[in-house]
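Values reported hereafter were calculated over all heavy atoms of this structure, with side chains retained and with hydrogens, waters and symmetry mates removed. Note that ligands are numbered from 1 as they come in the structure, with each ligand's atoms numbered from 1 the same way.
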Amino acid sequence: MTVNAPPPAGGLPTSRYDLDRDALADLLADQPAYRLDQLWQGLYRDLAEPEEMTTLPASLRRDLAEHLPAALVEDTRSVGDRGRTVKWLWRLADGTLIETVLMHYRNRSTVCVSTQAGCAMACGFCATGQMGFDRHLTAGEIVEQVVRAQVEAGDRRVSNVVFMGMGEPLANYDRTWAAVERIHDGLGLSARHLTISTVGLVPGIRRLATESLPVNLAVSLHAADDDLRDELVPVNRRWPLAELAEACREHVTATGRRLSFEWALIDGTNDRPEDARRLAAYARPLGAHVNLIPLNPTPGWPTVGTPPDRVRAFADELRSHGSNATIRRTRGTEIDAACGQLRADRTDIRVAVPIRRQPAN
Ligand code: SAH
């Protein structure tokens, strides 16, 4: 009984979830045809390790375990929000570190996956942006994060995937999209429950609009005038707000999905009434929903989040200008698992203690 070792994915390490059915069939070339279905079900229905796939003969299981290792090795697992948020620090085959966050809600569980180790977009208020770019993740490394989260969740179904972890999904388009297809076709999640978040890479958004699976699009807006957005989200210098709006419109028209804008409220920076008015004017024609998140603390950014009373005032101002807005409750702050806090750095691992807001000065 032999198993052919899978080829590396463009020089990157290979996850067992990088292999499509044809590649898995090649691996099982000298096996009876039905073994492929058994392996596929083991990987995608049972989320099993090769050793656990008892429908397969023991010697084949051993071979597969050797040739299809897990890409993600747990380095550290942190638990916050009284068990409702879990963050992993994974070590990949080449030593690269990435993070994944699983969040349990009353009626659903959502996993937030990374698409790159680090990020090249350089948003100053984001811990991943502060660390710089390390490398792209393979499709399999992205899919495996969902698989591991579902294994952890047990009886609770991980029904939603948000591509909001480390990295810029649309800067790693092909592998991210291959992961979307595998999560949809293989793991059986609905496209309506998959959300890709971007800093606003216009060519990527246009391309998304042409895909056959209508996934949700979230755009990290944070400013609705070019001067401020140039500063907060440097990629705005390349694709300013007017172009971004056009691409968003194409996506909305093509997919029929509701667009959302993310807005991290930064004290005294983008939380004034005129910011709300500009945001409403930008979001309304696109029918976009606004998610407001008070800025989470990160080591390399001095400004704090907007205090709760002014967050509510900002949301009211938006609504009074006809824009839909939700204030997002922050998850995982005490384990550095909240939006913008992922940095995959072993040196900052510490006992979970609640972070108190610094007083604004
Ligand atoms: N690169 C993609 C995917 C990351 S999603 C993107 O930017 O959309 C992570 C989200 O958290 C983004 O909306 C990002 O702007 C936001 N974010 C980054 N730093 C943050 C912080 N310190 N507090 C709150 N949100 C933050």
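Side chains of Q341 and T298: a donor-acceptor N/O pair is absent below 3.5 angstrom, by distance only.
Here is the list of ligand 1 atoms found below 4.0 Å of a heavy atom in T298: 22 (N). Each of the atoms 4 (C) of ligand 1 lies under 4.0 Å from some heavy atom of G165. Using a 4.0 Å cut-off to heavy atoms of V199, the atoms of ligand 1 that qualify are 6 (C), 7 (O), 8 (O). Interface of E262 with ligand 1, defined as ligand atoms under 4.0 Å from a residue heavy atom, comprises 13 (O).
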Query raised in the report: Yes or no on side chain to side chain donor-acceptor pair (under 3.5 Å) for R156 and S109, after CA distance, side-chain angles and deciding distance?
Result: CA-CA 7 Å; R156 301 200 243 197; S109 295; 4.9 Å; no
Requested in this report: Could you check T115 against N172 for side chain to side chain donor-acceptor pair (under 3.5 Å), going step by step and ending with a plain yes or no?
Outcome: CA-CA 7 Å; T115 54; N172 185 19; 5.4 Å; no
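Within the structure, the closest approach of M121 to ligand 1 does not fall below 4.0 Å when heavy atoms are considered. In this structure, M166 falls outside the shell of residues with a heavy atom less than 4.0 angstrom from ligand 1. Within the 4.0 Å heavy-atom shell around ligand 1 one finds G167.
With hydrogens left out, the protein atom closest to atom 21 (C) of ligand 1 is C339 O, 3.4 Å, a heavy atom. For atom 19 (N) of ligand 1, the closest non-hydrogen atom of the protein is G340 CA, 3.1 Å. Looking only at heavy atoms of the protein, atom 23 (N) of ligand 1 is closest to N296 N, 2.8 Å.
Using a 4.0 Å cut-off between charged nitrogen and carboxylate oxygen, R207 and D174 count as a salt-bridge pair. Taking the charged nitrogens against the carboxylate oxygens, K87 and E334 have no contact shorter than 4.0 Å, which rules out a salt bridge.
Using the six-membered ring where Trp is involved, F261 and Y282 have ring planes that are tilted, between 30° and 60° apart.
Which of A338, S220, A120 comes nearest to atom 13 (O) of ligand 1 through a heavy atom is settled by distance: it is S220. With E168, M164, H222 as candidates, the residue nearest to atom 15 (O) of ligand 1 on a non-hydrogen basis is H222.
Proximity of T128 to ligand 1, defined as any heavy-atom pair under 4.0 Å, is not found for any part of the residue.
Tested against R16 for a side chain to side chain donor-acceptor pair (under 3.5 Å), the candidates E49, E144, H67 yield a single pass: E49.
Considering both main-chain and side-chain atoms, I293 never comes within under 3.5 Å of ligand 1 through any nitrogen or oxygen pair.
Side-chain heavy atoms closer than 4.5 Å link hydrophobic residues (I, L, V, M, F, W, Y) into clusters, and following such links, even through other members, never connects V162 to V219.
Annotation: R319, atom CZ; neighbour count of heavy atoms from other residues, nucleotides and ligands within 6.0 Å is above 12.
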